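See below for the structure under consideration.
Proteins get letters first, then strands, A, B, ... in listed order; numbering begins at 1 in each. Everything numeric here is computed off the predicted structure, so don't read it as measured data.
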4 protein chains.
Amino acid sequence: MTKAQLAGISTAQQRSIVEVSGLFFGGQDFQVIAGPCAVETPEQMDIIARGVRYSGASLLRAGAYKPRTSPYDFQGLAEKGLDILASISERYTLPVVTEVTAAEQIPLAIKHASMVQIGARNMANYELLKAVGRSQCPCLLKRGMSATLEELVMAAEYIMAHGNERVILCERGIRTFETYTRNTLDLSAVPSLRELTHLPVIVDPSHGTGRRSLVLPMALAAAAAGADGILVEVHHDPDHSWTGDGRQSLNLTQLGELMESLRSIVSAVGRRLTPYGLSNGGIGVPVLS
Amino acid sequence: MTKAQLAGISTAQQRSIVEVSGLFFGGQDFQVIAGPCAVETPEQMDIIARGVRYSGASLLRAGAYKPRTSPYDFQGLAEKGLDILASISERYTLPVVTEVTAAEQIPLAIKHASMVQIGARNMANYELLKAVGRSQCPCLLKRGMSATLEELVMAAEYIMAHGNERVILCERGIRTFETYTRNTLDLSAVPSLRELTHLPVIVDPSHGTGRRSLVLPMALAAAAAGADGILVEVHHDPDHSWTGDGRQSLNLTQLGELMESLRSIVSAVGRRLTPYGLSNGGIGVPVLS
Amino acid sequence: MTKAQLAGISTAQQRSIVEVSGLFFGGQDFQVIAGPCAVETPEQMDIIARGVRYSGASLLRAGAYKPRTSPYDFQGLAEKGLDILASISERYTLPVVTEVTAAEQIPLAIKHASMVQIGARNMANYELLKAVGRSQCPCLLKRGMSATLEELVMAAEYIMAHGNERVILCERGIRTFETYTRNTLDLSAVPSLRELTHLPVIVDPSHGTGRRSLVLPMALAAAAAGADGILVEVHHDPDHSWTGDGRQSLNLTQLGELMESLRSIVSAVGRRLTPYGLSNGGIGVPVLS
Amino acid sequence: MTKAQLAGISTAQQRSIVEVSGLFFGGQDFQVIAGPCAVETPEQMDIIARGVRYSGASLLRAGAYKPRTSPYDFQGLAEKGLDILASISERYTLPVVTEVTAAEQIPLAIKHASMVQIGARNMANYELLKAVGRSQCPCLLKRGMSATLEELVMAAEYIMAHGNERVILCERGIRTFETYTRNTLDLSAVPSLRELTHLPVIVDPSHGTGRRSLVLPMALAAAAAGADGILVEVHHDPDHSWTGDGRQSLNLTQLGELMESLRSIVSAVGRRLTPYGLSNGGIGVPVLS
């Protein structure tokens, strides 16, 4: 297999910093991306975004195109969802990341969000990677459920080789025999990826464990392991989320507790939580479109 | 998760037979699909297709769009490859199956081939599944590297729910800790899928093991387990294949030996190898386009 | 790691045959070992052994020392179980294989049975392997739940290096993410082990799948893949077995059907089921003690 | 399966604290156990033990009985190794934990060490668990390579049901498809085990990753996830260790750096590193035998 020439570690003497609407991944800041699995209604997004903003998290996540195991389950609001996201993003001065599942969704997603996400199911959907590569939009690339770290780096290489260098990797758990957790969160991926690539690495403890009670300790562990941020599912009413992912969603109070606990760990490893009102809410508010 | 209403076993009292250019999957016939990983040149395809035809195998496989782990590795000949395939298919009266990796490739693929393939990497690429569902072309759907059987059936449901019922499932090995084989071929998937779906099931012992020496015994085992056919990689000169998959490719002599060994096993389980010259080469030659 | 000098393939130009009370593993004969998970009562063993004998299977299996996940579950009848086994073995002229879980059980087990079994949980219990190595009793060595093939061969090497060359390997399924089956039966282990060792290899489709309905097709597949025999769980009343393994046990009628189906597959690969009344029931009855 | 009545969480309203020679696991203290894979020579142990003592780690680990994949590899010094351990333990006032691989080793091990270890290979060696259960010696129980968390808790139940309640669990990595790391360290096991058992839980980042460079970040992550301690391999000259485990061993300088980095993380989660000279080196030195 041909080497990762752009994503590989040898190409950069130092780690890369990826900028997303004025926020920096891979530097000193530890970024917290929070939000619901899916955009459901303007009211739901308003409540959650306000909570996310208030908590000090720096980006909002929510899906308008939802890859679901069953074709009969809620597939997302599509364009209508993107409209809601854009409006909420502006109202709370919160950059937004949202998933794309096909190349034709990219232009609209970029218009409404600050970063697109390639989900675990599509990590090896190379045509989608190429399309994101041609798009010049920051991309959050999640590790496939059974992808090796080398394959994850090569997926990033696909995006970079097509012209887009702003890639952030995300460990989100792998499939193993253990059934207590939904996936097995492979935190050793964080320091391992440091040895394989110069790109920023964040961790998703929500999908990585599938259990609300495990999100906080694994978020702290991710920070201690050297992650550049986390991606957490948050819902104002997890038991009534439309996608049934409520089992792994924090409510807004729990998000506040998480931020509080994170602060001391992040500080202990020489990082900082993006100060509220500074990076993305003060003078020089990031332009989202 | 909502149930598989169309692919699920409860919807059909008996197993389904899927017709592909006059060949039947899921009935008494045991189908052998053989060919190289990728279309390389007209000459390569001519040699291999003649060997496949002569061996008694019933379909030709070869990829024009190759999903490769590295963006720098050979990605297939695309349209030029499809042209070669169509010409070879006509010359040897061999129906052809070829992989598609993006929705926009489907119309052209259908024009040149009898069946499209969704590869393991794209099993959960739901937008591609939906597009194939709208296409009305028979589809060979491979199990994802870490997909559960239930998820494989739900992927078929995506295709069927969008209007296309001609889906054939393919077990091609799953990811485990074992490194002697490239994947772990899960043959219990064959009788298990019988309990979960009415769709035909074939097995790919080439990707399933990654080793040429294991292809024949695992092909026999697949037949004994009740598979409706196999998909094997064959190359006239495996050590010089363009995709480096030669390690798992049979040469044409070995394909002949495989067909010979298969005959008695297939017969022992009450099936038959498609008689040469009958189903697809005699009177009533299947129309391919 | 130091190589397998005794179990490795390079040490023997041809495959080894292991003799167990007049039955041969690794030659032309295909051996069927059948019996319940555990010895429960003399009556239970009498009914089952009679059925096993009548079916044409060649060895009886049943455990007196049961390794159970919970310390509160039935742990086997120990010495009393071995007594029952020996008496049944003599009554039906059926050699017996039984599991040992500690070195101190070996002398008694050898006195009552023709072969000892090392279960999957103890494959890497090297002190037990050494003790069996010093014992000179044929040993059925099961693959650990997450043991690589190389590790399985090295476990055999432990036994052989301590003086006992009569080792038969058994593939019994490995742990993967798939939950439809209890384990994932890795049938590619059969031809793979042919490349790694000269020792006989059998397959346990009962533990390998955990589902009664899958035992027959996977037994046929094992034979087609080149296995030297199978180990199947059989109980006259599976729903009331004491160990709760009834879900994966055939009843005696199903054992008969299995033997019938096996006959043609075994024949198709150039092997034969041990003829009833010849190897172990006719003139020259094997001496068991 | 019968429930874990003693190890299960319902039996204790609060978490248990296990005392080992005056050190406490499961309370506020975060314990660091360090030492080489195997006892090699008195000189080797003296150098390493002094370094361990000086670093502020609280227990010494080293094996006298080594379970090795190959029977031809170094199997440990056995009794001679225990003698060395006991002498070093006394010289540096460091409690010692050492592995036992057979029941007959337990009496001698207890005489020379403060805690016995059941390794991953023997987690389901129930006869060994029972023997440790009858021994009344603190036991460090490592998770099997493919053991579920529930099975790990049931293994502890075996020990407790036989009379010994002083069990400490250890996550040490599980087997997955990923090959960059030797195992996949499942840190979610730490908070998960909090929900399943009241017993203390520590983490082994050395075996869990198999790479020296990953030990420090994963040790920090373990502390952040709520572990009660860590077990790390340390050697004064890793490249010349007798067991070839040097790839995952820290040298003594790196152990110092680890302790330094740990301090702030441990503090951030409201724990403390056992103060040097207080718990195990000051007035009231722990009695080891």
If the contact rule is any heavy atom under 4.5 Å from chain D, which residues of residues 219-227 of chain A qualify, in numerical order? A:Leu220, A:Ala221, A:Ala224, A:Ala225
A:Leu185 portion near chain D, given a 4.5 angstrom heavy-atom threshold: backbone
Part of A:Leu216 within contact of chain D (heavy atom distance under 4.5 Å): neither
Top contributor to chain A contacts, counting heavy-atom pairs under 4.5 Å, from D:Leu187, D:Val190, D:Leu149: D:Leu149
Short donor-acceptor contacts under 3.5 Å linking chain D with chain A:
| residue | atom | partner | partner atom | Å |
| --- | --- | --- | --- | --- |
| D:Arg143 | NH2 | A:Glu178 | OE1 | 2.8 |
| D:Leu149 | N | A:Glu178 | OE1 | 2.9 |
| D:Glu178 | OE1 | A:Arg143 | NH2 | 2.8 |
| D:Glu178 | OE1 | A:Leu149 | N | 2.9 |
| D:Tyr180 | OH | A:Glu195 | OE1 | 2.4 |
| D:Glu195 | OE1 | A:Tyr180 | OH | 2.4 |
| D:Glu195 | OE2 | A:Ser213 | OG | 2.4 |
| D:Ser213 | OG | A:Glu195 | OE2 | 2.4 |

